[in-house]
Structure formats: C-alpha cells, structure tokens
Amino acid sequence: MIKKFSAGLLLVIASSANATDDYSKELYELYCTACHAVAASGAPQSFTSEWEDRLDKGITTLVNNAINGIGNMPPMGTCAECSAEDLEDIILYMAQEQ
Ligand code: HEC
C-alpha cells in the first residue's frame, strides 16, 4: 500500500516537471479558447506576440487579473474549477509564441 502511494507521488512529481501538463492544456481548451482563440473577442490571441506586453506586467499580476477578471474578461476566465496554479500554467502555455 505504501509502495503504491510513493509510486503515485513520484509520478505526480515527474509530471509537474513538464512544461505544460495535459490537465492544464485540457482546462485551456475547455475554458480559454472561447476567447483567446477567437480574434473578434478582443482577447490577446494564444501563441502570438500579443502576449509580449501582457507578460511585462509579471506573471503574478496576470494571474490576479485572470482571477478577478479584467476588461471584457470574466473572473477566472469562466473556469470556476481552476486554481491560481492552474491559471498560471495555462497563461504561460498560451503566451508562448509558436
Ligand atoms: C469570455 C471571453 C474570455 C474567456 C473565456 C477568457 N478570457 Fe482571458 N481575456 C479576455 C479578454 C477580452 C482579455 C483582454 C482584457 C483587457 O485587457 O481588456 C483577456 C485577457 C486575459 C489575460 C491578460 C490579463 C492582463 O492583465 O493583461 C489573461 C492572463 C487571461 N485573459 C487569461 C485567461 C485564462 C487563463 C482563461 C481560461 C481559464 C481566459 N483568459 C478565458 C477574454 C476571455
């Protein structure tokens, strides 16, 4: 039993070392693409340079603004199940230029 638990723990540690885990990508797809992949929404578009100026504010500010909402963006970006850490992961993911 203990052995099983520690193996699971190792898995968790290993997966959090990835740049963006599948869970964060799933949350992004579910909640954020509605605006951040639709130019007409006015939201900074994922995987473009539109994030450059935003990132200059610092990740802590971006996470707080995502939690509280900003401009036309609703609080939590509609993802009620997201933690602050999830939001940070998602923001760093969609702010990458690809
Ligand atoms: C209903 C549309 C909508 C959804 C859904 C949405 N956003 Fe946004 N988001 C916006 C808009 C519009 C802006 C630009 C707001 C502004 O600066 O006036 C924005 C801006 C942001 C910013 C930049 C904040 C800043 O300080 O410049 C972050 C970070 C962000 N969104 C994260 C997210 C995340 C993470 C999700 C998914 C959990 C999400 N958004 C879902 C519309 C949305």
Side-chain angles (χ1 to χ4, degrees):
M1 202 53 184
I2 288 167
K3 216 173 180 187
K4 224 178 184 179
F5 174 74
S6 51
L9 196 64
L10 268 177
L11 250 177
V12 170
I13 292 166
S15 70
S16 68
N18 288 343
T20 309
D21 58 37
D22 289 346
Y23 178 66
S24 302
K25 285 184 190 172
E26 209 171 288
L27 291 173
Y28 162 74
E29 296 287 343
L30 268 175
Y31 297 104
C32 314
T33 50
C35 300
H36 288 273
V38 179
S41 68
Q45 295 301 286
S46 308
F47 317 125
T48 72
S49 57
E50 288 175 38
W51 283 97
E52 267 172 31
D53 294 346
R54 308 271 177 177
L55 287 170
D56 285 347
K57 301 185 198 180
I59 186 65
T60 312
T61 302
L62 293 184
V63 171
N64 284 334
N65 289 346
I67 290 170
N68 297 318
I70 174 171
N72 287 329
M73 170 158 152
M76 305 300 289
T78 68
C79 179
E81 65 180 295
C82 285
S83 67
E85 231 172 82
D86 293 334
L87 291 172
E88 180 172 328
D89 283 352
I90 298 169
I91 294 164
L92 292 173
Y93 172 61
M94 66 178 170
Q96 291 166 16
E97 264 189 76
Q98 280 177 3

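Worth knowing before you read on, the calculation uses all heavy atoms, side chains too, and leaves out hydrogens, waters and symmetry mates.
- Rounded to the nearest 0.5 angstrom, Glu50 CD and Glu97 CD are separated by 10.0 Å.
- Judged by distance alone, with hydrogens and angles left aside, the side-chain atoms of Gln45 form no donor-acceptor pair with the main-chain N or O of Trp51 at under 3.5 Å.
- With hydrogens and angles disregarded, no donor-acceptor distance shorter than 3.5 Å links the side chain of Ser46 to the backbone of Ala37.
- Both Leu62 and Met76 are assigned to one and the same hydrophobic cluster, defined by single-linkage of ILVMFWY side chains at heavy-atom distances under 4.5 Å.
- Taken to the nearest 0.5 Å, the CD1 atom of Ile59 stands 4.0 Å off from the CG atom of Leu92.
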**Message:** Determine whether Asp21 and Ser24 satisfy the following criterion, side chain to side chain donor-acceptor pair (under 3.5 Å), listing intermediate values before the conclusion.
**Reply:** CA-CA 6 Å; Asp21 58 37; Ser24 302; 2.9 Å; yes

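- The shortest side-chain heavy-atom distance between Met73 and His36 falls under the 4.5 Å cut-off.
- With rounding to the nearest 0.5 Å, the separation of CG in Asp89 from SG in Cys82 is 10.0 Å.
- Cluster membership check: Val38 does not share its hydrophobic cluster with Ile70, using side-chain heavy-atom separations under 4.5 Å among Ile, Leu, Val, Met, Phe, Trp and Tyr.
- Cys79 has its side chain within reach of Glu81: a pair of non-hydrogen atoms, C-beta onward, lies under 4.5 Å apart.
- One distance of note links CD1 of Ile91 with CD of Gln96; it measures 12.5 Å at 0.5 Å rounding.
- Heavy atoms of other residues, nucleotides or ligands lying less than 6.0 angstrom from CG of Asn72 number 12 at most.
- In this structure, Asp86 and Tyr23 have side chains that are in contact, with non-hydrogen atoms separated by less than 4.5 Å.
- Atom CD1 of Ile90 is separated from atom OH of Tyr28 by 10.0 Å, given to the nearest 0.5 angstrom.
- Between Ser41 and Cys35, the closest heavy-atom pair is OG-O, 2.7 Å.
- A heavy-atom distance below 4.5 Å is found between the side chains of Lys57 and Asn65.
- Expressed to the nearest 0.5 Å, how far CE of Met94 lies from OG1 of Thr20 amounts to 11.5 Å.
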